[in-house]
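Throughout, protein chains are lettered first and strands after them, A, B, ... in sequence-line order, and every chain is numbered starting at 1. Remember, predicted model here, so these are calculated numbers, not experimental data.
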Protein chains: 2
Amino acid sequence: MLTTLKDVAKLANVGVSTASYALNGNKLIKESTRKKVLQAANELGYHPNGNAKNLKRSKNEMIGLFISGFTGPFFNQLLEGIQDVVVSHGYELVVCASNERHRMLTERLVDGAIILNYHIESELLKTVASEKMPLIVLDRDIEHPHIYTALLPNEKGINQALKHLEDKGHKEIGFIAGSTDSYDGEARLNAFKTYIKNHNLTTGLNKILRADFTEDSGYDTMRAFLNNSHHYPTAFVAANDEMAMGAIRAIEEKGLSVPADIAVVGFDDIIIAQYFQPSITTVRVHKKQWGESVAEAMLDILTGSDTKHLMKPPMEFIERDST
Amino acid sequence: MLTTLKDVAKLANVGVSTASYALNGNKLIKESTRKKVLQAANELGYHPNGNAKNLKRSKNEMIGLFISGFTGPFFNQLLEGIQDVVVSHGYELVVCASNERHRMLTERLVDGAIILNYHIESELLKTVASEKMPLIVLDRDIEHPHIYTALLPNEKGINQALKHLEDKGHKEIGFIAGSTDSYDGEARLNAFKTYIKNHNLTTGLNKILRADFTEDSGYDTMRAFLNNSHHYPTAFVAANDEMAMGAIRAIEEKGLSVPADIAVVGFDDIIIAQYFQPSITTVRVHKKQWGESVAEAMLDILTGSDTKHLMKPPMEFIERDST
DNA sequence: GATTATTTTTGAAACGATTCAATTCCCTCT
DNA sequence: AGAGGGAATTGAATCGTTTCAAAAATAATC
């Protein structure tokens, strides 16, 4: 059997409550007995049982980030930002990528959760969010007293991209959309549609290609499109960089040139975007800053000081060789 | 107050033990009462308290991966591999990046842990490893009945790289090492030294540059080296791809050409390696497979079937334009 | 030296589940 | 109608902590 607080107490020859106080640095305990207890704990290699502790305390000092998977180069920077802030406040961060049960979340093993996982249903989120466990969602919009929302300024980004293309003289612009269950993806698509309509640019439903955020899907979709159409827009906006890269591959394979024949702009500014040939014009999302501000907000919420941190992360348009 | 099992029981008008059995699908409970309980639980939005549950059951059905941070493109694929296997076995995976306390680990909030975090001291690991919580370490070698080791075949990789350079006619080869607290980094360095000695190749201590795994450090170190030396090796092996990239930048900036003047080979085969100009010759580590086999091993250990899964992940030499 | 403060220490009651052992139901069978 | 037996239910103990309220030990006061 693993060593427990009782064992420590026995060895140190004190009551278990004394042992507990001693280990937790309660100043009521005499220095000499604290020494005894510490010594005993050390000798036995004692570590407290977190489940028991958290159960009694009814808090975990732990905040969770729930994502859908570790694929894609997008997460790292966001994670870094969150991580930095969380640990600097004495909490710990756990990252869970799950697609079915989400026990860390539902069983309240964290004090607060940041959600970026479209697998988790909004209904579920509503039943777990509470005073004791606030949520910040990054990938949807939910109305609930304990669910906070931190969305990307997708519309602004798309507008900047389109403005740029318009300035370059493009009149007919297509869009490569991601899978429909992505909030951000659809937000970008909608922003695109609105802009096109308001600016009297030419496009048609058939110029809105549907892929699924992966590079391969971008390639496949663009390839299929070019094979079936004798006429094509002079520019495309993709809902993320990966698809932009795939599309460019397909375009070049078809003997057309980027950006001369077709310009392509991506979204996110993942690291490879600058190394790709041609380097990709894109909308940079400041992921690390986003992470930081989200984490700050969470900590504010947890410590009661109601938050002003939930501002949208800045976006920046980056012009490179693909336009 | 949050809703507890007792609340559910009361609403369903049954004893709390009945409620517990009902929710856990125990076949002793009559179908009609189970319905009642489920209904009540649903109505109250009940989710069990994980801490209480895990405390009583004394298991968490959760395995932890402990890494030092989310920086660097190395982790994603490893993570993916682990994640896939873990969830397909009904466990959940939590990833923790901590550098001080490691509560998830020490407080036994996971049933098993995979360690790739040089911040965690081996002494600590020895005090937490136990029958109830086995460890697999990926970044060191520990002798302990409940700590298993899964290291990369660094030596093999380095040998392949050097053989390749030798075949290309290089006689004098340098090495760009990472920071000294990395087990893999030092293993690569040592493999390099041994090979050089055994094959009578020329090098000197001054041809072993010391950087810290980041691209910038590779750049700085190589730049400093070239500025101070009138003579340089015709090839360098770097302990990872990032540093190789940095070094190449410095070399080209100096007006020398890669690979004509100096050939460079990296290690890991991170995604950018193939996009970089020139694309980087490197030793591919099959990170996803590595992750998978490690996870398989962990599950084997946890379910008692003692493991045969701990084989070293395959490595593959990839020749590209930088040599 | 008895009384009152002041430190220290401690047993016992939570926390919210699971699960054993005992009880209550409900049938079926003499 | 009473006994016997399986099915269904349940109270109570338990997991390993924290923490309250009370006891014990020590020091201070008159």
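Per the geometry, NZ belonging to Lys30(A) stands 7 Å off C1' belonging to dT8(C), to the nearest Å. Spacing between atom NZ of Lys10(A) and atom C1' of dG11(C) amounts to 16 Å, rounded to whole angstrom units. Between Leu2(B) atom CG and dC15(C) atom C1' the separation is 13 Å, expressed in whole Å. In this structure, NE2 of His47(A) is placed 16 Å from C1' of dT17(D), rounded to the nearest angstrom. One atom, CG of Asn26(A), and another, P of dT10(C), lie 14 Å apart when rounded to the nearest Å. The separation between Arg34(A) atom CZ and dT9(C) atom P is 10 Å, rounded to whole Å. Atom-to-atom, NZ of Lys27(B) to P of dT19(C) comes out at 14 Å; the value is rounded to the nearest Å. For the pair Lys6(A) NZ and dT18(D) C1', the interatomic distance rounds to 15 Å; values are reported in whole Å.
Position along DNA chain D of the nearest nucleotide to Pro48(A) versus Gly15(B) favours Gly15(B) as the more 5'-ward residue. Toward the 5' end of DNA chain C, the nearer of the two residues Thr18(B) and Asn51(B), judged by each one's closest nucleotide, is Asn51(B).
Between Lys287(A) and Asp268(A), none of the side-chain N atoms (NZ, or NE/NH1/NH2) sits under 4.0 Å from a carboxylate O, so this pair counts as no salt bridge. Between Asp84(B) and Lys288(B) a salt bridge is recorded (basic side-chain N to carboxylate O distance below 4.0 Å).
Between dC20(C) and Ser17(B), no contact under 4.0 Å exists linking OP1 or OP2 to a side-chain N or O. The shortest distance between the side-chain N/O atoms of Tyr46(A) and the OP1/OP2 oxygens of dT17(D) is below 4.0 Å. Neither OP1 nor OP2 of dC15(C) sits under 4.0 Å from any side-chain N or O of Asn54(A).
Looking at heavy atoms from C-beta onward, Leu65(A) lies out of side-chain contact with Val94(A) at the 4.5 angstrom threshold.
Put simply, the side chain of Thr4(A) and the base of dG16(D) share no donor and acceptor less than 3.5 Å apart. Between the side chain of Lys56(A) and the base of dT17(D), no donor-acceptor pair under 3.5 Å is found.
Across dT10(C), dG16(D), dT9(C), the shortest atom-to-atom separation from the side chain of Leu55(A) is found for dG16(D). Side chain of Ser20(B), nearest nucleotide from dT19(C), dT8(C), dA17(C): dT19(C). Nearest to the side chain of Asn49(B), among dC20(C), dG16(C), dC20(D), sits dG16(C). Listed nucleotides: dT10(C), dT9(C), dG16(D). Nearest to the side chain of Val14(A): dT10(C). Nearest nucleotide to the Tyr21(A) side chain, out of dT9(C), dG11(D), dT10(C): dT10(C).
In this structure a side-chain-to-backbone donor-acceptor pair under 3.5 Å is missing from His146(A) to His144(A).
The distance from the CG atom of Leu125(A) to the CG atom of Leu105(A) is 6.5 Å, given to the nearest 0.5 Å.
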